[in-house]
Visitor: 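Here you go, one structure.
Quick note: numbers below take in every heavy atom, side chains included, and nothing from hydrogens, waters or symmetry partners. Residue numbering restarts at 1 for every chain, and letters A, B, ... go by the order of the sequence lines.
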Amino acid sequence: MISIERIRNNLEALKSSLALKGYNVDLNEIISIDSDYRASLSLVNDLRAERNKVTNQIAELKKSKQDANDKIVSMRALGSKIKDLESEISVKKERLDDLILNLPNVPHESVPPGSDESNNKVIYEWGVEKNQSFDIKNHLSLGSSLKLFDFERSAKLSGSGFPLYTGKGALLERSLINFMLEIQTQKNDYLEIIPPFLVNSNSVLTTGNLPKFSEDMYHSEIDDMWLIPTAEVPLTNIHYNEILNQSDLPKKYTAFSACFRREAGSYGKDTKGFQRLHQFNKVEIVQLVEPEESYKALESLTSHAEMVLKSLNLKYRKIELCAGDLSFSAAKCYDLEIWAPAEGKWLEVSSCSNFEDFQSRRGNIRYRKEVDNKVDFVHTLNGSGLATPRLLIALLETYQNANGTITVPEPLQDYTKLKIID
RNA sequence: GGAGGGGUGGCAGAGCCUGGCUGAUUGCACUGGUCUUGAAAACCAGCAACGUGUUAAAGCGUUCGGGGGUUCGAAUCCCUCCCCCUCCGCCA
């Protein structure tokens, strides 16, 4: 969340920054409620000081067995005045918090302008497309002839958008997850975590999924718990409401999790096969870092996600998102898009973002600086490393053979114990 | 699900019965200093967060799991919710 000081002191600059992101919000209402709120707060502050003073006098009088009745009576009146004011104040505070929690993060100055994805910048492409001498099949056709997954039957269980991996498809999926986790733990020094898949409301408020995007998530009403849309949520909240030592930073966590997304409003879009799902598997990487380090960390975190694609020798490109395409919480974001030869298009497999102090303010995640012992908010970052469904699409389509089998890429063979899927 | 115990500062752990100089005793950790060739030990001093205020501070206010209540006054009494632990039941 954006600090109220920043809203007070940089109103115009903030308005134009948020407009870049496509939010034309009325910050003036925030300013006026804030000053109103603070005026009331300062008033009640004085009244409470008065009450505390007299209350101590009453204690003294009682101690020396003197009569304190006058003071008690007058404090009774003051007390109810304070109570009235306090309830007024809490209404104002609630309104103020609500407005601020609905403000998106501000794009970093390096983010290119633009209102939608057409203004995103391709930083580079990596890898080359294989020149196949036969007619290549798409992943759905390969998957059904090799019996790797079964969408017809999973629809009976859960409806559309819930994959059912079978046989070597399940093996391949499990191998990919292990392969990716081991890259992040062994090569890139992340601590492996197995997080809860259901979290409380505070956790999804920290990451920015609440209050604005409740309809994107699955919710268990009776327990007021949310199915995680990504392991970002539990990983980022591990240090919720904590003060870390500077020497503990950076914190680097990785986790496999299933991810659950309602995808409300996106029916009819990419509905086929693996492109858009209600449940999918993902290895996530998260870092908590000192503010000064966060942009350097974004570059390295992105390279950690890219390492998976490079190891599998899959063609991809790195995209820098323009301001208008940034997610609610992000200050800057790179997308990694993988080339699916049969689909003939680029598919997003990773989103690597720096949230600066936007999430850490919401989750009160801080650290103590060594230089002056003062407390400050950490910066949080995360990236997919990677999401499996679209990775699987590209992998099947890229590594298919003329006879309809799939050659398992060499580094994955340690995990699948198979060279060919047939 | 049933019975009981507990949630206090970076950590550990008093205070709650018997409400009032307790924002909180004490220990550890941390910071500075004395001593030492250096280190350890010992000793001395400092050390919560947030809001407000200020050049900076002082000062003032809030916070003892969350919310509400009683009271002139609540860490302390009452209600309620959440979480943790032990035992019993059920179950992977």
Side-chain angles (χ1 to χ4, degrees), chain A residues 1-9 30-31 33-98 100-101 194-206 210-211 219-226 234 237-249 251 258 288 290 357 360-378:
Chain A
M1 94 183 135
I2 300 176
S3 79
I4 186 67
E5 290 81 10
R6 188 167 174 189
I7 300 173
R8 268 182 225 142
N9 301 331
I30 295 181
I31 293 290
I33 292 180
D34 173 54
S35 77
D36 189 23
Y37 162 73
R38 286 196 298 155
S40 306
L41 199 62
S42 143
L43 180 58
V44 85
N45 192 355
D46 292 346
L47 297 183
R48 286 199 282 227
E50 171 70 11
R51 179 178 65 186
N52 290 344
K53 206 177 80 193
V54 176
T55 284
N56 281 333
Q57 292 170 358
I58 292 171
E60 289 299 322
L61 290 172
K62 291 252 182 186
K63 213 170 178 180
S64 55
K65 303 263 196 282
Q66 292 177 57
D67 176 59
N69 237 319
D70 291 356
K71 287 183 193 297
I72 289 177
V73 168
S74 74
M75 281 309 98
R76 205 170 283 163
L78 185 60
S80 74
K81 196 168 168 189
I82 289 174
K83 193 169 278 181
D84 291 348
L85 250 160
E86 280 173 342
S87 68
E88 258 177 57
I89 287 171
S90 82
V91 169
K92 287 172 189 168
K93 179 79 168 107
E94 225 167 273
R95 176 73 184 138
L96 189 61
D97 286 346
D98 182 57
I100 295 175
L101 285 170
I194 299 178
F197 293 0
L198 280 160
V199 296
N200 61 25
S201 293
N202 278 343
S203 299
V204 268
L205 189 79
T206 299
L210 284 186
H219 184 225
S220 167
E221 200 80 43
I222 192 168
D223 303 296
D224 193 23
M225 301 280 277
W226 304 84
N237 280 287
I238 287 176
H239 298 290
Y240 180 88
N241 208 10
E242 286 186 27
I243 300 175
L244 299 161
N245 292 320
Q246 183 168 0
S247 57
D248 294 333
L249 299 179
K251 288 281 188 189
L288 310 185
E290 297 166 35
D357 62 2
S360 58
R361 283 180 181 278
R362 293 171 162 245
N364 203 26
I365 307 165
R366 297 172 293 171
Y367 78 107
R368 194 177 295 280
K369 290 185 278 186
E370 271 158 14
V371 57
D372 56 5
N373 259 356
K374 291 259 190 293
V375 172
D376 196 7
F377 293 98
V378 302

Visitor: For B:U86 versus B:C64, give the span between their P atoms, rounded off to a whole number of Å.
Guide: 27 Å
Visitor: Hey, which sits more toward the 5' end of RNA chain B by its nearest nucleotide, A:Ala49 or A:Asn364?
Guide: A:Asn364
Visitor: Is there a Watson-Crick or G-U wobble partner for B:C90 with both distances under 3.5 Å, and if so, which one is it?
Guide: none
Visitor: Return the nearest nucleotide to the side chain of A:Arg48; candidates are B:C50, B:G20, B:G61.
Guide: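 In terms of side-chain proximity for A:Arg48, the closest of B:C50, B:G20, B:G61 is B:G61.
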Visitor: My understanding is that a pair needs two contacts under 3.5 Å, Watson-Crick or G-U wobble. By that rule, which nucleotide pairs with B:C50?
Guide: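 Result: B:G61.
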Visitor: Separation of A:Glu5 atom CD from B:U52 atom C1', in whole Å?
Guide: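 To the nearest whole Å, that distance equals 11 Å.
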Visitor: Output the rounded distance in Å from CG (A:Asn56) to C1' (B:U71).
Guide: 15 Å
Visitor: Sticking with atom P, work out how far B:G2 lies from B:C90, rounded to a whole angstrom.
Guide: 15 Å
Visitor: In terms of side-chain heavy atoms of A:Lys62, which of B:C72, B:C50, B:C21 is nearest?
Guide: B:C72
Visitor: Expressed as a whole number of Å, how far does the C1' atom of B:C16 sit from that of B:U34?
Guide: 41 Å
Visitor: If you measure from the C1' atom in B:C11 to the same atom in B:G69, how many Å do you get, rounded?
Guide: 34 Å
Visitor: In whole angstrom, what separates A:Leu41's CG from B:G53's C1'?
Guide: 13 Å
Visitor: Have a look at A:Glu60 and say if it touches a base, only the backbone sugar-phosphate, or nothing, with a 4.0 Å heavy-atom cut-off.
Guide: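 The answer is base, as A:Glu60 lies within the cut-off (heavy atoms under 4.0 Å) of a base atom.
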Visitor: If you compare every side-chain N and O of A:Arg368 against the phosphate oxygens of B:A49 (OP1, OP2), does one of them come in below 4.0 Å?
Guide: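 Yes, such a contact exists.
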Visitor: Is any side-chain N or O of A:Arg366 closer than 4.0 Å to OP1 or OP2 of B:C50?
Guide: yes
Visitor: Between B:C43 and B:U54, how far apart are the P atoms? Round to whole Å, please.
Guide: 44 Å
Visitor: Under 4.0 Å between a side-chain N or O of A:Asn52 and OP1 or OP2 of B:G61?
Guide: yes
Visitor: What is the nucleic acid contact for A:Asn200, judged by heavy atoms within less than 4.0 Å: base, sugar-phosphate only, or nothing?
Guide: nothing
Visitor: Taking the P atom of each, how far is B:C28 from B:G66, in whole Å?
Guide: 29 Å
Visitor: Are A:Val204 and A:Asn237 side-chain neighbours, meaning at least one heavy-atom pair lies under 4.5 Å?
Guide: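 No. Closest side-chain heavy atoms not under 4.5 Å.
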Visitor: Taking the C1' atom of each, how far is B:C91 from B:A29, in whole Å?
Guide: 43 Å
Visitor: So what's B:A75 paired with, Watson-Crick or G-U wobble, going by both distances under 3.5 Å?
Guide: none
Visitor: Write down the partner of B:A12 under the Watson-Crick or G-U wobble criteria, each distance required to be under 3.5 Å.
Guide: B:U26
Visitor: How many Å lie between CD on A:Glu50 and P on B:C60, as a whole number?
Guide: 13 Å
Visitor: Starting from P on B:G51, measure out to CD1 on A:Ile100 and report it in whole angstrom.
Guide: 12 Å
Visitor: Categorize A:Leu78 for me: base, sugar-phosphate, or nothing, with a 4.0 angstrom heavy-atom threshold over every strand shown.
Guide: nothing
Visitor: Can you tell me the distance, in whole Å, between the CD1 atom of A:Ile243 and the P atom of B:C47?
Guide: 17 Å
Visitor: For B:U34, which nucleotide is its Watson-Crick or G-U wobble mate, given both distances must be under 3.5 Å?
Guide: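 Here B:U34 is engaged in a pair, and the nucleotide opposite it is B:A42.
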Visitor: Indicate the atoms forming the closest heavy-atom contact of A:Arg368 with A:Ile243, along with that distance.
Guide: N-CG2, 4.1 Å
Visitor: For A:Lys83, report the nucleic acid contact type (base, sugar-phosphate, nothing); a contact means any heavy atom under 4.0 Å.
Guide: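 Sugar-phosphate, no base atom in range.
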Visitor: Do you know which two heavy atoms are closest between A:Ile2 and A:Ile100, and how far apart they sit?
Guide: O-CG2, 3.5 Å
Visitor: Using a 4.5 Å cut-off on heavy atoms from C-beta on, say whether the side chain of A:Asp224 contacts that of A:Asn200.
Guide: no
Visitor: Mind checking whether A:Ile7 and A:Asp34 have side chains closer than 4.5 Å, heavy atoms only?
Guide: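 Heavy-atom side-chain distance check fails, nothing below 4.5 Å.
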Visitor: With a 4.5 Å cut-off on side-chain heavy atoms, are A:Leu210 and A:Trp226 touching?
Guide: yes
Visitor: How do A:Arg51 and A:Val44 order along RNA chain B: which one's closest nucleotide is nearer the 5' end?
Guide: A:Val44
Visitor: Rounded off to whole Å, could you give me the CD-to-P distance for the A:Glu242 and B:G9 pair?
Guide: 13 Å
Visitor: Give the nucleotide from the list B:C72, B:C50, B:C21 with an atom nearest to the side chain of A:Thr55.
Guide: B:C72
Visitor: Using the P atom as the point on both nucleotides, what is the distance between B:A12 and B:G89, in whole Å?
Guide: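 Per the computed distance, 32 Å lies between those P atoms.
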Visitor: Partner lookup for B:U18, please. Criteria are Watson-Crick or G-U wobble with both distances under 3.5 angstrom; report none if nothing qualifies.
Guide: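 WC or wobble partner does not exist here.
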Visitor: Do A:Glu242 and A:Val378 make a side-chain contact, defined as non-hydrogen atoms from C-beta onward lying under 4.5 Å apart?
Guide: no
Visitor: Could you state the atom-to-atom distance from CZ of A:Arg38 to P of B:U62 in whole Å?
Guide: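 It works out to 19 Å between those atoms.
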Visitor: Apply side chain to side chain contact (heavy atoms under 4.5 Å, CB included) to residues A:Glu86 and A:Ile82 and explain how you reach the verdict.
Guide: CA-CA 6 Å; A:Glu86 280 173 342; A:Ile82 289 174; 3.6 Å; yes
